[in-house]
Structures are given as C-alpha cells and as structure tokens.
Amino acid sequence: MTDTLAIIRSVFAECGISQYAEGERGEKFALLFDELIAFNNVTNLTAITECEEVALRHFADSLTAADKIPMGASVIDVGCGGGFPTLPLAIARPDLAITALDSTAKKLVFVENMAKKLSLNVKTLAARAEEIPEYRESFDVATSRAVARMNLLTELCLPLVKVGGRFVAMKGASGREELAEAENGITKLGGTVTEVDAFSLLSAGERVIITVEKTSPTPPAYPRPWGKIKKKPL
Ligand code: SAM
C-alpha cells in the first residue's frame, strides 16, 4: 500500500495533478489500484496492471476531464466500463454526483463495489445510452472515454445533457480528425464546440479533450437506435 501510494503520488506529480493524491484521496487511489488488480484476476477489466501504468493510463488519464467539469455538477459517464473516468473523477472531485452508465451490467459490479468501499458519490445504471429517454436532458455534464468515434458518440451523449450543460469527450491523437467528422452532427444535436484542449500525457501520448456546450435542445428525432447511428452517422 505504501509503495503503491508513493508511485501514484509520483505519477500525479509528474502530470501536474498532485493535489488529487493528497491525504485521503491518495489512500483511496491506492485502494482502488489494489482492488482493480484483485478483481481483474477474476474478471478481465483492463490489460494494464502495472502500478505506474495504471496510475498514468487509467487514473491520471481519467483526470484529464477533471478541470472541464463545473463544481457540484451532475455527471453521466457514458460507457464507463470498469469505472474510467468515473472512479478517479469521483475520488478527485467529491463535489460531483456521477451516474456510471454501461450497457454491460457485469462491468458495473466493480464500479458499484468501489463506490461503496470508498464512499463515493456514484450510482450505476445498466442501460444503453440511446435507450434511456427518462434521462433526456437531465445531466449538467456527460463524459466518455474510449467508447466510439466522435460522430457516433455525440449522438449517445449530447441528448442526455441539459441546455447550458456540456459534453466532455476524452480523445487520443485522433481527436481533431474525429471532431471534423462530427461537426455537422454536433450542430444538429444542439451543441457548440467551445474548447479543444490538446496536450501530451507523458508516455501515454497525445490527449485531445473536446468540450461541447449544449446550446439548444436536441430535436426529438435523436438519439436514433444504435443500428441507425452506426449506419448513417449525422
Ligand atoms: N470508459 C471505459 C474506459 O475508458 O476504460 C470503458 C471503455 S470500453 C472500451 C467501452 C465501454 O462502452 C464498454 O464497457 C461498453 O459496454 C460500453 N458501451 C458501448 N456502447 C454503449 C452504449 N450505447 N451505451 C452504454 N454503454 C456502451
């Protein structure tokens, strides 16, 4: 635990986010690492298992969205899988109320366990993002990492965001190219791109964090069923 914590603190310091591993938050990240590895031995959640790599590629990477989210926001993390960015965000930003959404209920078991163990403000929802009309335009922020290309992802995420809220898309090196493909759809769905933040996350490489403000309501025709979204992106 001590070694784990020291490694996590050193990676966070290198990334310029040491504040997120101070005090109790650091201990929570260390516990999250231990539990992730233990759970991963039984149910595969991640191919990355070495502490330094997990701290960089899962924890610090998840926190690249942290400064894009307003204080006290309600957040839906679309396709959270094993809990990224949900769990690191919930540890680092206890002011957020996060709904961790994934279509595979099995993946949410770990997220739910960790939310309880670490007393995080996280609830889980097993459903497809495009099939939850009861949550339409009800979140301040939608986040998403490694779920789909931007032109498809926007139709999953923007309908869930309130007017005045935002969608924070966590992308890698292909972010700008994906955004060019998605611009038409973003406008149709009521969004306006307000920031494209491109930087390098140490050895994890280029990161592109795209912020889309929800400037007008999403027309009722969207989101369409997944088959249509995929076959004919907006
Ligand atoms: N965000 C996590 C991460 O970065 O480690 C998981 C990424 S994983 C590659 C993609 C996840 O998105 C899977 O767990 C999958 O079940 C989920 N997913 C894909 N399409 C979805 C949809 N339409 N609604 C909800 N979840 C979806």
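All ligand and atom numbering here is 1-based and tracks the order in the structure. Computed from a prediction, not measured in an experiment: that's the story for all the values here.
Interface atoms of ligand 1 facing Gly81, defined by a heavy-atom separation under 4.0 Å, are 6 (C), 14 (O). Within ligand 1, the atoms closer than 4.0 Å to a non-hydrogen atom of Lys107 are 13 (C), 14 (O), numbered from 1 in the order shown. Near Ala146, meaning under 4.0 Å from one of its heavy atoms, ligand 1 places the atoms 4 (O), 7 (C), 8 (S), 9 (C), 10 (C). Atoms of ligand 1 found under 4.0 Å from any heavy atom of Val147 (numbered from 1 in listed order, with element): 12 (O), 19 (C). Heavy-atom proximity to Thr104, at under 4.0 Å, picks out these atoms of ligand 1: 16 (O).
Considering all non-hydrogen atoms of both residues, Leu156 and Ala129 come closest at O-CB, 3.8 Å.
Between His58 and Phe84, the ring-plane angle classifies as parallel under the 30° and 60° cut-offs. Aromatic ring orientation, Phe110 versus Phe39: tilted (interplanar angle from 30° to 60°).
Between Glu137 and Lys162 there is no salt bridge, since no side-chain nitrogen of the basic residue lies less than 4.0 Å from a carboxylate oxygen of the acidic one. Arg145 has a carboxylate O that lies under 4.0 Å from a charged side-chain N of Asp61, or vice versa, which qualifies the two as a salt bridge. A salt bridge links Arg149 with Glu177; the closest basic N to acidic carboxylate O contact falls under 4.0 Å.
Scanning the protein heavy atoms around atom 5 (O) of ligand 1, the nearest turns out to be Arg145 NH2, 3.2 Å. Regarding atom 23 (N) of ligand 1, its nearest protein heavy-atom neighbour is Glu130 OE1, 2.9 Å. For atom 12 (O) of ligand 1, the nearest non-hydrogen atom of the protein is Gly79 CA, 3.4 Å.
Of the N or O atoms in Trp226, none lie within a sub-3.5 Å distance of an N or O in ligand 1. In terms of N/O distances under 3.5 Å, ligand 1 is not approached by Leu101.
Here the CD atom belonging to Glu183 is positioned 11.0 Å from the OG1 atom belonging to Thr192, to the nearest 0.5 angstrom.
When each of Val161, Val168, Asp77, Thr211 is paired with Val141, the side chain to side chain contact (heavy atoms under 4.5 Å, CB included) condition holds for Val168 and for no other.
For Ala127, the heavy-atom gap to ligand 1 drops under 4.0 angstrom. For the pair Val78 and ligand 1, no heavy-atom separation below 4.0 Å is found.
Residue contacts with ligand 1, taken as heavy atom pairs separated by less than 4.0 Å, involve Cys80 solely via the backbone atoms N, CA, C and O. At a heavy-atom cutoff of 4.0 Å, ligand 1 is contacted by no atom of His58, backbone or side chain.
The residue among Thr46, Asp102, Thr86 with a heavy atom at the shortest distance from atom 11 (C) of ligand 1 is Asp102. In the candidate list Ala126, Ala129, Ser103, Ser103 is nearest to atom 26 (N) of ligand 1, counting heavy atoms.
Of the possible polar contacts, none joining the Arg25 side chain to the Pro94 backbone as a donor-acceptor pair under 3.5 Å is found.
The cluster map of Ile, Leu, Val, Met, Phe, Trp and Tyr, joined by side-chain heavy atoms under 4.5 Å apart, puts Phe199 and Phe12 in the same cluster.
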